[in-house]
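Input: a single structure, listed below in structure tokens.
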2 protein chains.
Amino acid sequence: MLKKRNVMTIGTLAKTAGVGVETVRYYQRRGLMSEPEKPYGGIRHYDEQALARLHFIRASQWLGFSLDEIGELLTLQDGAHCDEARELGEQKLTSVRRKISHLQQIEQALNELVQKCSAGHGDVYCPLMASLNDGVEDATTDKHKVR
Amino acid sequence: MLKKRNVMTIGTLAKTAGVGVETVRYYQRRGLMSEPEKPYGGIRHYDEQALARLHFIRASQWLGFSLDEIGELLTLQDGAHCDEARELGEQKLTSVRRKISHLQQIEQALNELVQKCSAGHGDVYCPLMASLNDGVEDATTDKHKVR
DNA sequence: ATTGCTTCCGTAGTGAGGTACGGGTCTAAG
DNA sequence: CTTAGACCCGTACCTCACTACGGAAGCAAT
């Protein structure tokens with residue numbers, strides 16, 4: 001007979017994976033993890049597969065995938081849908097690169113402002129504030145949403 | 001007597017600044033903008049100061065300040081609190097740089113995965129999926145929250 | 001047997017930054 | 001004078017990923 005090793009309760013599972021119990025239950029409700037059957041009137045137990053699933057989810061999140069996207073990735077797991085997975089990865093890569101360049105623009109603008117503030121200047125005049133009042137050069141001229 | 005130029009309704013103000021009417025009203029509720037008095041039973045009107053305020057908010061948001069932080073910045077506007085403003089700017093600069101380096105790590109990891117997927121490989125094996133299952137190298141080993 | 005920690009389960013609240021709705025009032029055009 | 005289109009105002013709802021709450025029941029140690 002099979003010897004089940006590393007059988008855990010939800011609390012142990014969660015702690016091992018470094019998440020909260022409520023988070024595991026939340027993932028179950030979202031359909032990202034299945035809820036194991038519970039023995040009559042007892043407590044559900046989780047095995048290493050559940051732990052692996054949790055690791056998968058956290059790794060994907062770290063890469064910037066949303067829980068919905070992770071759901072998609074998970075449907076690709078059974079079977080060799082490598083192309084679809086790569087496609088999702090490429091889309092994410094593109095969006096990550098967009099975010100980086102956006103943040104780099106901000107970094108530059110902010111850096112300039114702070115520099116100007118540090119170089120002394122007459123009182124009752126603050127370069128940072130002045131720029132904010134004028135709209136940080138062409139920052140607000142591109143009308144796309146900030147969110 | 002003063003000639004009021006460019007007197008606007010809330011709709012015109014919002015459109016000019018490129019935001020929604022509801023957004024202006026939301027900023028008023030948040031205390032970022034004041035609500036002008038309304039003439040008896042009439043319609044409030046807004047001047048260029050209100051528009052400037054809106055520009056200030058959007059410019060600050062573009063730089064990554066939250067609405068709460070923008071509130072702080074606004075209290076520094078009257079009077080020459082340049083040092084405090086610069087301090088806030090520096091904090092934001094630090095956090096922007098942290099975000100950039102975080103995203104760059106992600107970019108690198110994701111890029112490698114996608115590359116490996118593009119280079120052919122035996123079926124029933126997907127490097128991207130494999131990495132997610134293993135936890136993307138040391139990505140999940142640093143146990144800090146993803147949020 | 002009693003204490004005290006988990007687990008179970010559903011529902012509700014959080015935070016950020018809005019967006020939508022609905023009923024009433026104004027104003028300008030035809 | 002009527003009607004279309006703003007405006008006024010409060011309240012509710014949205015997304016995302018959780019987090020908290022509360023009462024009942026189980027399990028382990030003393």
Side-chain angles (χ1 to χ4, degrees), chain A residues 7-46 50 54 56-74 92 95 99 140 143-147, chain B residues 7-46 50 54 56-74 92 95 99 140 143-147:
Chain A
V7 167
M8 297 170 271
T9 69
I10 194 173
T12 317
L13 173 70
K15 193 172 294 178
T16 307
V19 304
V21 169
E22 301 303 327
T23 305
V24 174
R25 294 186 17 76
Y26 174 69
Y27 291 163
Q28 291 172 337
R29 287 199 298 276
R30 292 277 305 234
L32 298 178
M33 295 185 63
S34 56
E35 239 184 316
E37 295 302 315
K38 79 168 168 182
Y40 299 103
I43 281 179
R44 300 176 203 281
H45 37 48
Y46 297 81
L54 224 28
F56 182 101
I57 294 172
R58 299 309 269 193
S60 306
Q61 267 189 314
W62 185 82
L63 286 175
F65 290 99
S66 71
L67 295 186
D68 276 353
E69 289 167 331
I70 293 170
E72 268 186 86
L73 284 174
L74 285 168
K92 194 49 62 180
S95 97
K99 279 185 204 164
T140 51
K143 286 288 194 246
H144 67 264
K145 293 272 174 177
V146 167
R147 285 174 92 175
Chain B
V7 167
M8 299 170 271
T9 68
I10 195 173
T12 317
L13 172 71
K15 192 172 294 175
T16 308
V19 304
V21 169
E22 302 303 328
T23 304
V24 174
R25 292 184 20 73
Y26 174 69
Y27 291 163
Q28 291 174 336
R29 287 200 298 275
R30 293 277 304 230
L32 299 177
M33 297 186 62
S34 56
E35 241 185 314
E37 295 301 313
K38 79 169 169 184
Y40 299 103
I43 282 177
R44 300 176 203 282
H45 38 47
Y46 297 81
L54 224 29
F56 183 101
I57 295 171
R58 300 308 272 192
S60 306
Q61 267 190 312
W62 185 83
L63 287 175
F65 289 99
S66 71
L67 295 186
D68 276 353
E69 288 167 332
I70 293 169
E72 268 186 87
L73 283 173
L74 285 167
K92 192 51 61 180
S95 96
K99 278 185 206 164
T140 50
K143 287 286 194 248
H144 66 264
K145 294 272 173 178
V146 168
R147 285 175 98 175

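Chain identifiers are assigned alphabetically (A, B, ...) following the order of the sequence lines, protein sequences preceding nucleic acid strands; residue numbering begins at 1 within each chain.
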Legend entry - Any A:Arg58 side-chain N or O less than 4.0 Å from OP1/OP2 of D:dC18: yes
Inset, instruction - Tell me which nucleotide among D:dC9, D:dT19, C:dT19 gets nearest to the side chain of B:Arg25. - result: D:dC9
Inset, instruction - Respond yes when some side-chain nitrogen or oxygen of B:Arg44 is under 4.0 Å from OP1 or OP2 of D:dA6, and no when none is. - result: no
Inset, instruction - To the nearest 0.5 Å, tell me how far B:Ser60 OG sits from B:Leu74 CG. - result: 7.0 Å
Inset, instruction - Hey, which sits more toward the 5' end of DNA chain D by its nearest nucleotide, B:Arg29 or B:Ile10? - result: B:Ile10
Legend entry - side-chain hydrogen bond (donor to acceptor under 3.5 Å, both in side chains) against A:Glu35, all qualifying residues, sequence neighbours excluded: A:Arg44
Legend entry - Among C:dT7, C:dG17, D:dT11, the one nearest A:Val21 by side-chain distance: C:dT7
Legend entry - Nearest listed nucleotide, side chain of B:Ser66, among D:dC8, C:dG17, C:dG18: C:dG17
Inset, instruction - By nearest nucleotide on DNA chain C, pick out whichever of B:Glu22 and B:Phe65 is the more 5' one. - result: B:Phe65
Legend entry - Between D:dG10 (P) and B:Gln28 (CD): distance, integer Å: 11 Å
Inset, instruction - Report the C-alpha distance between B:Tyr27 and B:Ile57 in whole Å, list the side-chain angles of each, state the deciding distance to 0.1 Å, and finish with yes or no for side chain to side chain contact (heavy atoms under 4.5 Å, CB included). - result: CA-CA 9 Å; B:Tyr27 291 163; B:Ile57 295 171; 3.9 Å; yes
Inset, instruction - Using whole Å, report how far CD of B:Glu37 lies from P of D:dC9. - result: 11 Å
Inset, instruction - Would you classify B:Glu69 as touching base, sugar-phosphate or nothing, given that sugar-phosphate means primed atoms plus P, OP1 and OP2, and contacts are heavy atoms under 4.0 Å? - result: nothing
Legend entry - Side-chain donor/acceptor of B:Lys92 to backbone N/O of B:Gly64, under 3.5 Å: yes
Inset, instruction - Check every strand shown and say whether B:Glu35 touches a base, only sugar-phosphate, or nothing at a heavy-atom separation below 4.0 Å. - result: sugar-phosphate
Inset, instruction - Would you please confirm or rule out a distance under 4.0 Å between OP1 or OP2 of D:dC18 and any side-chain N or O of A:Gln61? - result: yes
Legend entry - Atom of B:Leu13, atom of B:Met8 and distance for their closest heavy-atom approach: CA-SD, 3.9 Å
Inset, instruction - Say whether B:Gln61 and B:Arg58, considering side chains only, have a donor N or O and an acceptor N or O under 3.5 Å apart. - result: yes
Inset, instruction - Determine: side-chain N/O of A:Thr23 to OP1/OP2 of D:dT19, distance under 4.0 Å, yes or no. - result: yes
Inset, instruction - State which of D:dA17, D:dC8, C:dT7 makes the closest approach to the side chain of B:Lys38. - result: D:dC8
Polar atom pairs between nucleotides 23-30 of chain C and protein, under 3.5 Å, N or O only, would you list them?
residue: C:dC26; atom: OP1; partner: B:Gly41; partner atom: O; Å: 3.2
residue: C:dC26; atom: O5'; partner: B:Gly41; partner atom: O; Å: 3.4

Inset, instruction - Between B:Thr12 and A:Leu67, name the one whose nearest nucleotide on DNA chain D is closer to the 5' end. - result: B:Thr12
Inset, instruction - For B:Arg30, check salt bridge (charged side-chain N to carboxylate O under 4.0 Å, His left out) against everything at least two apart and list the hits. - result: B:Asp68
Inset, instruction - Check for a donor-acceptor pair, side chain of A:Thr23 on one end and backbone N or O of A:Val19 on the other, with a separation under 3.5 Å. - result: no
Legend entry - A:Arg30 CZ - D:dA17 P separation (whole Å): 6 Å
Legend entry - Under 4.0 angstrom between B:Tyr27 side-chain N/O and C:dG18 OP1 or OP2: yes
Inset, instruction - Quickly work out the A:Asp68 CG to D:dT15 C1' distance and round it to whole Å. - result: 10 Å
